[in-house]
Amino acid sequence: MPRRTFITAEEKSLPGHKAMKDRLALCANATGDFKIKPFLVYHSENPRAFKAYKVMKEKLQVLWRANSKAWVTRQFFIEWINIVFGPSVKKYLFDNGLPLKCVLLLDNAPAHPPVLVDDLLDEFKFIKIVYLPPNTTSTLQPMDQQVISNFKKLFTKHLFKRCFEVTKNTNLTSLREFGKNHYNIVICLKLIDIA
């Protein structure tokens, strides 16, 4: 759920309910015609909703990783580079008849190892990694230039569209009830895919 909703404001004070912890990393090329599979770090490896919906993590619209604090670790980031980013970029370049060249712009997040080039598989050594100067991410980071905010707007739009659909067919009277009974990580993943 978006951070500024009634649900999240009350989440911290509800007994037996922990505040949401999840991280989503987005990536696209400069023209925006090629979006890389997002990377999501969640607090649970196997949420109950996965069992209820019979979800197979390999077929998700995101690369799924989990740890108790939902932090993007260096290990997770390196896996994403070698499992998702590298193969996707290589395929995109071949499919479009482009030279095998790529620049990956990264900020100074703790999960972005300074010597990431050493962790790339040999087949992805064509990827050049450039780190942005400290404290310039909001100004220089291309993903911060409307890509992330547009994603959040689309996600919120579809989330509340779903909320309105649910309230039409039920006796829900609050967003809290919607969040507790009609919204889970599986629905969230579907909305991420749509957005």
Within the side chain of [X], is there an N or O that forms a donor-acceptor pair under 3.5 Å with the backbone of [Y]?
| X | Y | value |
| --- | --- | --- |
| T156 | K153 | no |
| D193 | C188 | no |
| K125 | L120 | yes |
| K35 | L26 | no |
| N96 | L98 | no |
| H182 | V166 | no |
| Y183 | E177 | no |

Atom pairs and distances, donor-acceptor, side-chain atoms in residues 86-93, under 3.5 Å, two or more places apart:
unit_1	atom_1	unit_2	atom_2	d
S88	OG	V84	O	2.7
K91	NZ	D95	OD2	2.6
Y92	OH	N29	ND2	3.4
Y92	OH	D33	OD1	3.2
Y92	OH	D33	OD2	3.0

Quiz prompt | Stepwise side chain to side chain contact (heavy atoms under 4.5 Å, CB included) check, I192 with V62 | solution = CA-CA 9 Å; I192 287 170; V62 299; 4.1 Å; yes
Distance, nearest 0.5 Å, that separates [atom1] of [X] from [atom2] of [Y]:
| X | Y | atom1 | atom2 | value |
| --- | --- | --- | --- | --- |
| L63 | F85 | CG | CZ | 13.5 Å |
| L105 | H112 | CG | NE2 | 11.0 Å |
| N82 | F124 | CG | CZ | 6.0 Å |
| I81 | I129 | CD1 | CD1 | 6.0 Å |

Quiz item: Going by heavy atoms in the side chains, are V41 and K69 under 4.5 Å from each other?
Solution: no
Compare every heavy atom of [Y] with every heavy atom of [X], then report the nearest pair and how far apart it is.
| X | Y | answer |
| --- | --- | --- |
| L191 | F155 | CB-CE1, 3.4 Å |
| L60 | F50 | CD1-CZ, 3.9 Å |
| P38 | L24 | CB-CD1, 3.7 Å |
| Y42 | I185 | CE1-CD1, 3.5 Å |
| P47 | S44 | N-OG, 3.5 Å |

Exercise. Kindly indicate, with the supporting measurements, whether the criterion side chain to side chain contact (heavy atoms under 4.5 Å, CB included) is fulfilled by V186 and L189.
Key: CA-CA 5 Å; V186 176; L189 289 170; 5.5 Å; no
Exercise. Examine L154 and I148 and state if one hydrophobic cluster contains both, with Ile, Leu, Val, Met, Phe, Trp and Tyr joined whenever side-chain heavy atoms are less than 4.5 Å apart.
Key: no
Self-check item: Hydrophobic cluster membership, L104 vs F126, 4.5 Å side-chain cutoff
Solution: yes
Quiz prompt | Set of residues satisfying side chain to side chain contact (heavy atoms under 4.5 Å, CB included) with respect to A25, sequence neighbours excluded | solution = F39
Of all residues at least two apart in sequence or in a different chain, which pass the salt bridge (Lys or Arg N to Asp or Glu O under 4.0 Å) check with [X]?
| X | value |
| --- | --- |
| E165 | none |
| R162 | none |
| K190 | none |

Self-check item: H43 and N67: side chain donor to acceptor below 3.5 Å
Solution: no
Quiz prompt | Full working for side chain to side chain contact (heavy atoms under 4.5 Å, CB included) between L116 and Y131 | solution = CA-CA 10 Å; L116 181 59; Y131 293 90; 3.4 Å; yes
Practice problem: Step by step, work out the side chain to side chain contact (heavy atoms under 4.5 Å, CB included) result for C27 and W80. | Solution: CA-CA 11 Å; C27 183; W80 178 79; 3.7 Å; yes
Pair up each side-chain donor or acceptor in residues 72-79 with any protein partner under 3.5 Å, not counting sequence neighbours, and list the distances.
unit_1	atom_1	unit_2	atom_2	d
T73	OG1	F76	N	3.2
R74	NE	P110	O	3.1
Q75	NE2	E79	OE2	3.4
E79	OE1	R65	NE	2.5
E79	OE1	R65	NH2	3.0

